[in-house]
Amino acid sequence: MGTWIVIGIVVLIVLWLVFTYNGLISARNRTQEAWSEIDVELKRRHDLIPNLVNTVQGYIGHERGTLEAVTKARADAVAAGATGDPQKIGQAENLLSQSLRSLFAVSENYPELKAISAFTNLQENLTATEDKLEFSRRFYNGNVRDYNIKLQTLPTSLIAGVLGFKPFGFFQADEGDRAVPQVSFNNAPGSPSSLPPAAGSGGPPAPGSAGPPPQT
């Protein structure tokens, strides 16, 4: 009788281990899949920016500081993406959002840009990308929360580390800087004087390389 009890206990433990392991694998895969959606939107955002800079530089070419800040912020964001670290990526993307806000604020003084379909299309695409990025961020962070809770609660926490499962980091974004501002030309002054296009700053967009974030 005692032998059967021991066998029953062993079977229950094995079944618990199997179900727990499979549950952790599913949660981890969902989190990595959610991150891939963020990665897609970040790459799209990075690819749109060089075209935006090239479009507006002929009109605000003497605002070189603003254009260079956008170009540098994009390069830093791409470099941060290569690390796969959600915290570093979030900080770099926040700085990129700030530089875009500055660019669009400057663009308000140039009503001729409103007549350029390429500029308005890029603005619309960037805004749509920001909306998708926000949704993907929330979806990813929700999965990270659920996955990390599994790792930190008993009895799963007793074996998660032994099985090689580690928590994921949240992808943080600043609420004030994430959205691309809308350009308004209602109060814009007269059109600028004709200026030759400034030297291009972008070249072909560098491919994004952010993979699933590392488990910390």
Identify whether [X] and [Y] are in the same connected component of the hydrophobic contact network (ILVMFWY, side-chain heavy atoms under 4.5 Å).
X: V10; Y: V18; value: yes
X: F19; Y: L151; value: no
X: I9; Y: W16; value: yes
X: I25; Y: L158; value: yes
X: Y21; Y: L12; value: no

### Derivation and outcome, side chain to side chain contact (heavy atoms under 4.5 Å, CB included), residues I116 and Y59
CA-CA 11 Å; I116 301 176; Y59 292 85; 3.1 Å; yes
May I ask you to decide if [Y]'s main-chain N or O and [X]'s side chain share a donor-acceptor pair within less than 3.5 Å?
X: S102; Y: Q98; result: yes
X: D39; Y: W35; result: no
X: N143; Y: A27; result: no
X: S136; Y: L133; result: no

Show the nearest heavy-atom pair for residues [X] and [Y], with the distance to one decimal.
X: G169; Y: P86; value: O-CG, 3.8 Å
X: S157; Y: Q152; value: CB-C, 3.9 Å
X: A77; Y: L96; value: CB-CD2, 4.1 Å
X: I60; Y: L67; value: O-CD1, 3.9 Å
X: E93; Y: L42; value: CD-CD2, 3.5 Å
X: E41; Y: T129; value: O-CG2, 3.4 Å

Would you call [X] and [Y] a salt bridge, taking side-chain N to carboxylate O under 4.0 Å as the test?
X: E134; Y: R137; result: yes
X: K43; Y: D47; result: no
X: E130; Y: R45; result: yes
X: K150; Y: D146; result: no

Which value, rounded to the nearest 0.5 Å, describes the distance between [X] atom [atom1] and [Y] atom [atom2]?
X: I159; Y: L24; atom1: CD1; atom2: CG; answer: 7.0 Å
X: F139; Y: R30; atom1: CZ; atom2: CZ; answer: 8.5 Å
X: Y140; Y: R145; atom1: OH; atom2: CZ; answer: 13.0 Å
X: T120; Y: N125; atom1: OG1; atom2: CG; answer: 9.5 Å
X: I149; Y: T156; atom1: CD1; atom2: OG1; answer: 11.5 Å
X: R74; Y: S99; atom1: CZ; atom2: OG; answer: 11.5 Å

Do [X] and [Y] have side chains that get closer than 4.5 Å, going by heavy atoms?
X: V70; Y: L52; value: no
X: N121; Y: E124; value: yes
X: F165; Y: T20; value: no
X: L163; Y: L17; value: no

### Message
Set out, in order, the CA-CA distance, both residues' side-chain angles and the distance that settles side chain to side chain contact (heavy atoms under 4.5 Å, CB included) for V56 and E63, then state yes or no.
### Response
CA-CA 10 Å; V56 304; E63 306 272 4; over 6 Å; no
### Task
Would you sort out whether D76 and L95 count as a side chain to side chain contact (heavy atoms under 4.5 Å, CB included), showing the intermediate values?
CA-CA 9 Å; D76 291 343; L95 292 176; 5.9 Å; no
### Message
Please verify the inter-ring angle class for Y147 with F168; under 30° counts as parallel, over 60° as perpendicular, anything in between as tilted.
### Response
tilted
### Query
Aromatic rings F104 and F119: how do their planes relate, parallel, tilted or perpendicular, breaks at 30° and 60°?
tilted
### Query
Take atom CZ in F170; do more than 12 heavy atoms of anything else shown fall under 6.0 Å from it?
yes
### Task
Tell me, yes or no, whether the heavy-atom count around Q87 atom CD, taken from other residues, nucleotides or ligands under 6.0 Å, exceeds 12.
no
### Task
Starting from the C-alpha separation in whole Å, work towards a yes-or-no answer on side chain to side chain contact (heavy atoms under 4.5 Å, CB included) for R138 and N141.
CA-CA 5 Å; R138 291 181 181 276; N141 283 344; 5.9 Å; no
